> 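Below you'll find the structure I mean.
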Amino acid sequence: MTVFAGRIARVRELGIVVALVVLFGVTGAVNPAFLSPAGLRDILLNSAIIATLAVGQTLVVVTRNVDLSVSSVVGISAFGGALILADHPQVPIPVVIAGCVLLGAACGAVNGLLVGVAKVPALVATLGTLYAFRGVDHAWAGGRQVNAADMPPGFLRLGSADVLGVPLPALVALTVLLAVGWVLRNLPQGRELYAIGSSPEAAVLAGIPVKRRVVSAFVAGGALAGLAGVMWAARFGTVDATVATGKELDVIAAVVVGGVAIFGGSGTVYGAALGALLLSGITSALAVLRVDALAQTAVNGALILAAIMLDRLLALRVARSLRKRRRDAR
Amino acid sequence: MLALREVSKSFGAVRALRGVSLDLAPGEAHALAGENGAGKSTLVKILSGVHRPDEGALLLDGEPVEFHGPADARAAGVAVIYQEPALFPDLSVAENVFMGRHPRRSFGRVDRRAMRTRALDLFSRLGVPLDPARPARGLSIADQQLVEIAKALSRDARVLVMDEPTAALSGPEVERLFGVARSLRDQGRAVLFVSHRLDEMFALCERVTTLRDGAVVATDVLADITPDDLVRRMVGRDLAALFPKQPTVPGEVALKVDRLTREGVFTDVSFEVRAGEIVALAGLVGAGRSEVARAVFGVDRRDAGSVHVAGRPLRAGSPTEAMAAGVALVPEDRRQQGLVMDLSIERNIGLTTLKWGLLSRAAERARATDWAIRLQVRYAGLTDAVTVLSGGNQQKVVLAKWLARKPRVLIVDEPTRGIDVGTKAEVHRLLSELAAEGLAVLMISSELPEVLGMADRVLVMHEGRLVADLPRAEATEERVVAAATGRPA
Amino acid sequence: MRVDRWETLVVALLAAVTVAASLGVDGFANGSNVAFLLLDVTEIALMALTMTLVIVAAEIDLSVASTLGLCCAVLGRLWTAGLPIEAIMPICLVTGALAGALNGLLVTRLGLPSLAVTIGTFALYRGLAYVILGDQAVADLPPAYTGLATQSLGPIPLLTLLVVVLAVAAGILLHATGLGRAVTALGANEEAAYFAGIRVKRIKFWLFVASGTMAGLAALVFTFRYASARADNGVGLELAVVAAVLLGGVSIFGGRGTLAGVVAAVLLLAVVRNALILADVANEVLNFVTGLLLVASVLAPNLKVRLERKPVQ
Amino acid sequence: GGTTRSDVAAQRSAAPAASTAPAAADPNAPIKPGLKIAFLPKQVNNPYFTIANRDGVAAAKEFGGEGKEVGPSEASASSQVSYINTLIQQKQDAIVISANDPNAVVPALKQAMAAGIKVVSYDSDTAQDGRNVFVNQASAEDLGRTQVQLLAGQLGHKGKIAVLSATPNATNQNTWIEFMKDELTKPEYKDMELVKVAYGNDDDQKSFTETQGLLRSYPDLAGIISPTTVGIAAAARYLSDSDFKGKVKLTGLGTPNQLRAFVKDGTIEGFELWNPGDLGYLAGWAAAALASGQITGAEGERFKAGRLGEYTVGAGGEVLLGKPTVFDAQNIDDFDF
Ligand SMILES: Nc1ncnc2c1ncn2[C@@H]1O[C@H](COP(=O)(O)OP(=O)(O)OP(=O)(O)O)[C@@H](O)[C@H]1O
Ligand SMILES: Nc1ncnc2c1ncn2[C@@H]1O[C@H](COP(=O)(O)OP(=O)(O)OP(=O)(O)O)[C@@H](O)[C@H]1O
Ligand SMILES: [Mg+2]
Ligand SMILES: [Mg+2]
C-alpha cells in the first residue's frame with residue numbers, strides 16, 4: 001500500500017519529467033549543439049538562480065502562503081552585495097555572501113512576521129513588500145550601477161567557475177535543493193510545514209508551533225533569495241536597482257509547473273527545481289531553435305500551459321485508477 | 001486528576017460557560033450531557049487549551065495550571081477528540097495520527113516504518129481496515145472520526161476527552177471504541193465523554209455532568225438515574241415520545257433508483273421511495289450509503305443506472321437539475337458540504353432558494369426567521385456567521401436551508417448527527433409531519449433506534465450492495481445488524 | 001463586530017487624504033487635475049471591477065494586462081488592415097472574451113488552479129500580442145474616438161461616467177442579486193455551494209469571460225486615451241489591479257469583499273500617487289507607500305479584531 | 001460605413017495642421033531667470049539617465065534656473081503621462097522627456113504645450129507634433145551605420161552577424177537596426193550576413209539566454225551588435241567566460257564603466273556611445289533657450305549651450321549632439337560614466 005502513496009508522489013513529478021525529456025529530445029534532435037556539454041552547461045547556469053528561488057518559494061508555498069517579494073529581495077541583496085564589494089574591496093568575499101544571505105533572511109523575517117504573527121494574508125503582505133523592498137532598493141541605489149570592473153574578479157569567477165565540469169552556481173543550487181528536500185521529507189519540522197499548509201486549523205490543534213514554522217519558512221525562503229542575489233551579482237556582473245524585476249512570476253510559475261499545490265500541503269522541492277529547469281530550458285530551447293523572436297513569449301506561455309495541463313491529466317488518471325481500487329485499498 | 005473550578009467563558013455577548021466546576025477522576029469515565037449550545041464543546045476546548053477561561057482555574061493533580069495552547073494541554077497528558085474532525089487532507093493517514101509527535105530515528109529523522117506499524121496496530125485495535133498510507137483526503141466523516149480517535153489513543157494520555165466521537169459511527173465501531181475506552185479507564189486513565197446518545201452514556205460512564213445554558217445543573221452517578229431523569233436535567237422538562245412517527249399511506253412512487261452503480265463504491269443499487277414514506281438506509285460505516293445519496297442527488301457522477309423522480313428521469317451529475325425536480329440532500333458533512341461557514345445564518349438558509357435576479361432582503365429574512373423558529377435554532381442574530389453556532393445548531397441551519405425549498409423528495413444523511421435529544425424529537429416530529437403531508441424521505445442513519453423508530457421501510461447496505469429491504473414490521477435490531485454485517489438473517 | 005468594515009476605513013482614508021492633499025499640495029485641488037486623476041485610473045478601475053468578482057469567487061486572473069495587450073494588438077492590426085473602427089471595437093471585446101473563456105475553461109474543466117493558469121496565459125496573451133502586431137506602433141487612430149476618450153462632460157471625464165455606470169452595475173450584481181450571492185457563497189465554500197445546487201463551474205467560467213471582456217474594454221479605452229496601439233500596452237497593470245482590489249478589503253481567499261471598498265481603494269491609490277508626485281516625492285517613496293498601504297489595509301482590521309476579541313466583562 | 005484608416009488619412013491631408021505661426025524667435029533674448037525645467041526620463045534610477053539628468057540639472061543651475069528629475073520607476077508610457085500631467089499642474093517652464101512610446105505621450109504633451117510649457121525630447125524622440133525640439137544624441141543613421149562599420153572592421157568584413165536588441169517595440173533600437181540593415185546592403189559587406197535580430201528585453205537573464213541561443217544556433221556566428229546597454233553588458237559577461245571569448249566579436253552601445261572590464265580582458269575590442277551627460281546638458285540648455293524665446297524650434301535657429309558651445313536647430317526641430325565616441329582599450333580609461 002505504501003507503493004500507492006509512493007506512486008502518487010512519483011507521478012506528481014512524472015508529468016514534468018516527461019515534459020523535460022520531450023523538450024530536450026526535440027530541441028536536441030533539431031540542434032545537437034543544445035545537448036553539447038557547453039550547451040548543457042549553459043542551461044544549468046541559466047536555471048541555477050531560478051531553481052534556488054523556486055526551492056525557497058516551495059518552502060513558503062507548502063505552508064499555504066506565497067512570497068511575491070522574492071524578486072525585490074534578490075534585487076536588494078544583489079545590489080547590497082555588489083556595493084560592498086565595489087566600495088569596500090577589503091571585505092572578504094565569504095563575509096559579503098553571508099551578509100547577503102542575512103539581508104535576505106531579514107527581508108524574509110519581515111514577511112514572516114507580517115504573515116505568521118500579524119495574520120496578513122501572504123499574497124497581500126508580500127505584494128506590499130514587493131513594492132516596499134524595491135522602493136528601499138531604489139532609494140539605496142539612487143541610480144547607481146555597479147559594474148564588472150568594480151567588483152573583484154575572484155567574485156565574478158564564482159558566477160561561472162566549474163567544479164568537476166559543473167558550474168558552481170548549479171552546484172550551489174543542487175546542494176540547496178538536496179538539503180531542503182531532505183529536511184522537508186525527513187525532519188518533523190519539515191513535515192509540519194506540509195501539515196500547516198494542508199490544514200492550518202488542524203495544525204494548531206495538533207500543537208504545531210504554527211507561527212514559528214511559518215516565520216521560519218519565510219526566513220529560509222528569504223535567505224535563499226539573498227543567496228540568489230549574490231549569484232545574480234556574480235553571474236551578470238552589472239547590478240543596479242532594477243535587478244530581477246518581475247522575476248517573482250517566473251519563480252511562482254516554476255513552482256506551480258513543478259507540481260507544488262499553490263494552496264499548500266503538497267509538492268516537493270524536486271518538482272519545483274525541475275519546474276525551474278523546464279522553464280529555463282524552454283527559454284533556451286526557443287532561442288536555440290531559431291523560433292521567431294516575436295513568437296517566443298507566446299510559445300513560452302503555451303508551453304507553460306501545456307506542462308501544467310499534462311501534469312494535471314496524469315494526476316487525474318491516477319486518481320481514477322485509485323478510485324477503482326479503493327474498495328480493496330481502504 | 002484534571003479539574004475545572006468555577007470556569008466562565010464568553011464569546012462577545014454569548015456566555016458559553018458560567019461558573020462550571022468538574023472533576024475528572026482516574027479510572028472513571030465521566031459523561032457530559034446537555035442540549036445543543038449548552039457549552040460542552042467549549043468546556044472541551046478549555047480542557048484542551050484551545051480557549052482560555054475568562055475566569056476560574058484549571059487544576060492538574062490539584063495544582064493550578066494554565067494551558068496557553070493545545071501543545072501545553074498535550075504536554076500535560078490530555079488527549080482530545082474534537083467534535084469536528086481536523087485532519088490534514090494532503091498527508092497520509094499515518095502521518096495524520098502522528099503529526100506533532102513523529103516517532104524519530106537517527107539525526108532526528110521521522111521513522112516512517114514505526115509510524116506505519118503503530119498506526120496499523122491502532123486501527124486493528126479499533127477494528128478499522130484503514131490503509132495508513134492513503135491520504136486523508138476523501139475519507140468519509142466516519143473514517144475521519146476514526147482517525148481522530150486513533151490519534152488521541154496513540155497519545156497514550158492520562159486524560160482522554162472525547163467530544164461526540166460516536167456521532168458518525170454505527171454500532172460495531174462504537175462498541176470497539178468503548179472497548180478501548182474501558183480498557184484505558186481500567187488502566188487508571190480519566191475519560192470525559194460527550195454525546196447526545198443517552199444509551200451510550202449509560203453504557204460507558206459512571207458519572208454524568210449535565211450542562212444547561214453554560215451552567216452545571218447536576219452531577220449524578222449514572223447507576224442512580226434513568227434516561228428520563230437525564231433528559232429532564234438537560235431540557236428542564238419532560239419530553240414526548242422520541243420517535244413520533246405517524247402512520248401514513250404511501251402514495252405515488254416519488255423516487256425510483258434503478259441499478260445505480262459507481263465503480264469501486266457501490267453496485268447495482270435499486271429501490272423506490274413513495275410519497276409519504278420514510279425509508280431508512282442503514283448499514284455500517286463505509287457501506288456506501290452516503291455515496292448512494294450523493295449519486296442520486298447528482299453531486300457525484302454515476303457509472304450506470306438511472307434515477308427517476310416522480311416518473312421523470314434525472315440527468316446524471318447535476319444537483320441543480322435534481323433540485324429542480326424537487327430533490328433535496330442534507331449532506332453528512334455540514335461544515336464542508338452543508339454550510340458556508342463565513343456567511344450569516346439567513347444567507348445560508350437562503351442559499352438553496354437563490355434566483356438570478358434581484359434579491360429581497362425582507363423575504364430572505366422572513367423565511368430564515370420562520371425556519372429558525374420552527375427548528376428552534378439558538379442564535380444571537382440572524383446576521384451572525386454560522387461559525388459561532390454550536391454543532392447541533394449548525395445542523396439545524398442545514399435542515400432549515402433544505403426544508404425552505406419545500407422538496408418533494410428529501411434525502412437526509414445523518415439528519416440528527418450531533419443534535420440533542422430535545423431537538424432530535426423535534427426533527428423527528430417534523431420529518432414525520434412532512435411525510436404525512438406527502439414528502440418522500442430517504443433517511444441515512446447510523447443510529448439504530450432512530451432507524452427502527454422512524455422508518456416505514458429499512459434498506460440495508462453492505463459493502464456497496466443493497467442486501468435487505470425490510471418493512472417496518474419485520475425490521476428488528478437483529479435483522480438489520482445481521483444484514484449490515486453481511487451475515488444471513 | 002462586522003468583519004467587512006474595512007471599506008469604511010478606506011473611504012475615510014480616501015476622504016482624509018483628499019482633504020489633506022487639497023490643503024497641502026499645490027495644484028491638487030483644481031478641476032483639470034482632478035479630471036486627469038479620474039481619467040488616469042480608468043483602465044485599472046474597469047479591470048478591478050471584474051477582478052473583484054473573480055477574487056470574491058476565490059480565483060484570480062493575472063492575465064488581464066496581457067489580455068489588454070492582446071486586444072490592443074488586434075485593434076492595431078485590424079486598423080492597419082483597413083477595417084472600420086466601428087467593426088474593430090466589438091471584435092476587440094470578443095477577443096477579450098475569448099481570452100477569458102480560455103482561462104475559464106482551463107480552470108473549470110481541467111480543475112487547474114487559476115493562479116497557475118493565468119500565469120501561463122499572462123505570457124501567452126502578451127506573446128500573441130507580439131505575434132499579431134510585432135514591433136509596430138499604430139498611432140494614426142481616428143481623432144473622433146481618441147478625442148472622445150479624453151472628453152469631459154462638465155468637470156467629469158466621459159470615461160469616468162462609464163466607470164461609474166459599470167461600477168454600479170457590478171455592485172448591484174454582487175451585492176443585490178442571487179447571482180452575486182452565489183458568487184460569494186462559492187468563493188467562501190465551493191463544495192457547500194455545489195451541494196446547494198449552485199452551478200459553480202458555470203459561474204466561474206463566466207466570471208473569467210467577464211474579466212477578459214472587461215480587459216478588452218480597457219484595451220479600447222487605453223488605445224484611444226493614449227492614441228497608441230502597441231503590443232506592450234498595459235504591461236504590469238495586473239499587479240496594480242490586484243493591489244487595488246486587495247486594498248479594497250476583498251479577501252484573497254474569496255467569499256468576502258465589497259465593490260464600494262474596491263472603488264474607494266482605486267481612488268485612494270490614485271489620489272495618494274497624484275498628491276505625492278505633485279509634492280515632488282521621489283518615485284521610490286511612492287512605491288514604498290503603495291506597499292505600506294497594502295499591508296496596512298489588512299493589518300489595521302486584524303488589529304482591530306484582536307483588540308475587540310478581548311472578553312467583555 | 002465606419003471610420004477606416006484611409007478615412008483618417010484623408011481627413012488629415014484635407015485639413016493641414018493649422019500651425020499657429022510661432023512667435024518669431026529672438027536670438028538675443030536673455031535666458032529668463034528662475035526657469036523651472038523638469039527632466040522626465042524613460043525610467044528613474046536608470047544609470048544612463050541618472051548621468052544625463054545630473055548634467056541637465058547642472059546646466060539649469062548654470063543659467064540660473066531650477067532643474068529636477070522626476071519619473072516612473074518602470075519604463076511605461078502610461079506612467080510617464082501621469083508625470084506630464086503633474087508637471088502641467090506644477091506650471092513648469094519646460095519639460096525634457098525621453099519617450100517610452102513616441103505616440104502615447106503626445107496628447108499629454110500637447111496639453112502641456114497648450115499650457116505654455118516648452119517641450120524638449122531627448123534620447124528617444126516623440127512624434128514631431130508632441131515637442132518643440134528633439135535633442136538627438138547622434139543621428140540614427142550615423143549610429144546604425146557606424147555600429148556596422150565598427151563590427152565590420154573587427155571582422156575584416158566577413159562572416160555572419162546578429163543583433164541583440166532591447167524589446168521588439170524599442171523605437172530607437174528599431175530605427176538603428178533599419179539603418180544597420182541598409183548599411184549591410186552596400187557592396188563592401190557582401191561577405192557579411194545579418195542572420196537574426198534577437199530581443200533580450202533589456203533584462204539581464206533574457207539577454208544572457210538569447211546570447212547563448214545565438215551562439216548555439218549559429219555556430220559560425222562571427223559577431224554580435226547589441227545597441228542597448230543592458231544587452232551588450234550581458235552578452236559581454238557571457239562571452240567573457242565562454243569558449244567564444246575573443247572569437248565572436250561584440251560591439252554596440254554601452255557605457256565605458258559598464259564595459260571597462262570586458263575591453264581590458266579582450267572580450268570587446270571597441271564599442272561606441274555619446275556622452276550621456278552632454279546629452280542632458282544640451283537638452284537643458286535647449287529647454288532654456290525655448291522657454292526664453294531664443295528659439296522656437298524652427299530650422300536654422302541657433303542657441304548657446306554653455307560649455308558645449310553653439311548649436312543649430314536642424315530639420316524637423318532636431319538638434320544634433322555630435323558624433324558618438326568610439327571606446328577601445330586605448331581611450332577607455334579617459335572616461336568615467
Ligand atoms: N468561537 C465562538 N464564537 C462565538 N460564540 C461561540 C463560539 N464557540 C461557541 N460559541 C457559542 O457558545 C455556546 C456554546 O457552544 P458549544 O459549542 O460549547 O455547545 P455544545 O454544548 O458543544 O453544543 P452541541 O451539542 O451542539 O455541540 C453556543 O451558544 C455557541 O453559539
Ligand atoms: N469523496 C470521497 N473520496 C474518496 N473516497 C470517499 C469519499 N467519500 C467517501 N469515500 C469512501 O467511500 C466509502 C463509502 O463511504 P460512504 O460515506 O458512502 O459510507 P456510508 O455508508 O455513508 O458510511 P458513513 O456512515 O461513514 O457515512 C468509504 O470507504 C469512504 O472512505
Ligand atoms: Mg459541541
Ligand atoms: Mg455517510
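Each chain gets a letter, A, B and so on, in the order the sequences are listed, and its residues count up from 1. No hydrogens, no waters, no symmetry mates; every other heavy atom, side chains included, goes into these values. For clarity, every value in this text was computed on a predicted model and none was experimentally measured.
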> Between Arg41(A), Arg144(A), Gln296(A), Arg157(A), which residue shows the highest count of heavy-atom pairs closer than 4.5 Å to chain D?
Gln296(A)

> Between Ser160(A), Ala241(A), Gly237(A), Ser36(A), who has the most heavy-atom pairs with chain D when the cutoff is under 4.5 Å?
Ser160(A)

> Are Thr267(D) and Asp265(D) linked by a side-chain donor-acceptor pair shorter than 3.5 Å?
yes

> How about Asp123(D) and Phe49(D): do any of their side-chain heavy atoms sit closer than 4.5 Å?
yes

> Give me the ring orientation class for Phe236(A) and Phe208(D): parallel if the planes are under 30° apart, tilted from 30 to 60°, perpendicular past 60°.
perpendicular

> Using a cut-off of under 4.5 Å on heavy-atom pairs, state which of Gly39(A), Ala293(A), Pro32(A) scores highest against chain D.
Gly39(A)

> Answer yes if the side chains of Thr283(A) and Ser280(A) hold a donor-acceptor pair under 3.5 Å, and no otherwise.
no

> Let me know if Asn46(A) has heavy atoms under 4.5 Å from chain D in its side chain, its backbone, both or neither.
both

> Among Asp243(D), Val230(D), Asn257(D), Leu214(D), single out the residue with the greatest number of heavy-atom pairs under 4.5 Å to chain A.
Asn257(D)

> Which bit of Tyr48(D) comes within less than 4.5 Å of chain A, counting heavy atoms only: side chain, backbone, both or neither?
neither

> At a 4.5 Å cut-off on heavy atoms, which part of Tyr238(D) comes close to chain A: side chain, backbone, both, or neither?
side chain

> One thing to verify: whether Asp333(D) and Lys264(D) come together as a salt bridge, which I'm taking to mean a side-chain N less than 4.0 angstrom from a carboxylate O.
yes

> Less than 4.0 angstrom from a charged side-chain N to a carboxylate O is my criterion; do Asp150(A) and Arg260(D) meet it?
no

> Please flag which part of Leu156(A) lies under 4.5 Å from any non-hydrogen atom of chain D: side chain, backbone, both or neither.
both

> With the threshold set at 4.0 Å, does a side-chain nitrogen-carboxylate oxygen contact exist between Asp55(D) and Lys61(D)?
no

> Measure Val291(A) against the heavy atoms of chain D and call it side chain, backbone, both or neither at under 4.5 Å.
backbone

> Within the supplied structure, the quantity of interest is the number of heavy atoms (other residues, nucleotides, ligands) at a distance under 6.0 Å from Glu193(D) CD; does it exceed 12?
yes

> Using non-hydrogen atoms only, which part of Arg134(A) is less than 4.5 Å away from chain D: side chain, backbone, both, or neither?
neither

> Is it true that Arg237(D) and Asp204(D) make a salt bridge, defined as a side-chain N closer than 4.0 Å to a carboxylate O?
no

> Given a strict heavy-atom distance threshold of 4.5 Å, which part of Gln43(D) is in contact with chain A: side chain, backbone, both, or neither?
side chain

> Does any heavy atom of chain D fall under 4.5 Å from the side chain of Ala285(A), the backbone, both, or neither of them?
neither

> What part of Asp42(A) is in contact with chain D, defined as an atom under 4.5 angstrom from a non-hydrogen atom: side chain, backbone, both or neither?
both

> So does Asp203(D) pair up with Lys247(A), basic N to acidic O under 4.0 Å?
yes

> Taking every heavy-atom pair that is under 4.5 Å apart, which of Ser73(D), Ala198(D), Pro168(D), Ser217(D) has the most such pairs with chain A?
Ser217(D)

> Give, as side chain, backbone, both or neither, the part of Ala141(A) having an atom under 4.5 angstrom from any heavy atom of chain D.
neither

> What part of Val197(D) gets within 4.5 angstrom of chain A, counting heavy atoms only: side chain, backbone, both, or neither?
backbone

> So, taking the atom named OG1 in Thr229(D) and the one named CG in Asn46(D), what distance separates them when rounded to the nearest 0.5 Å?
6.5 Å

> Hey, which of Leu289(A), Asp240(A), Val288(A) has the most heavy atom pairs under 4.5 Å with chain D?
Val288(A)

> Under 4.5 Å from any heavy atom of chain D, what part of Thr242(A) do you find: side chain, backbone, both or neither?
side chain

> Looking at side-chain heavy atoms only, is the closest gap between Phe262(D) and Leu239(D) below 4.5 Å?
no

> Quick check on Lys206(D) against chain A: is it the side chain, the backbone, both or neither that has a heavy atom closer than 4.5 Å?
side chain

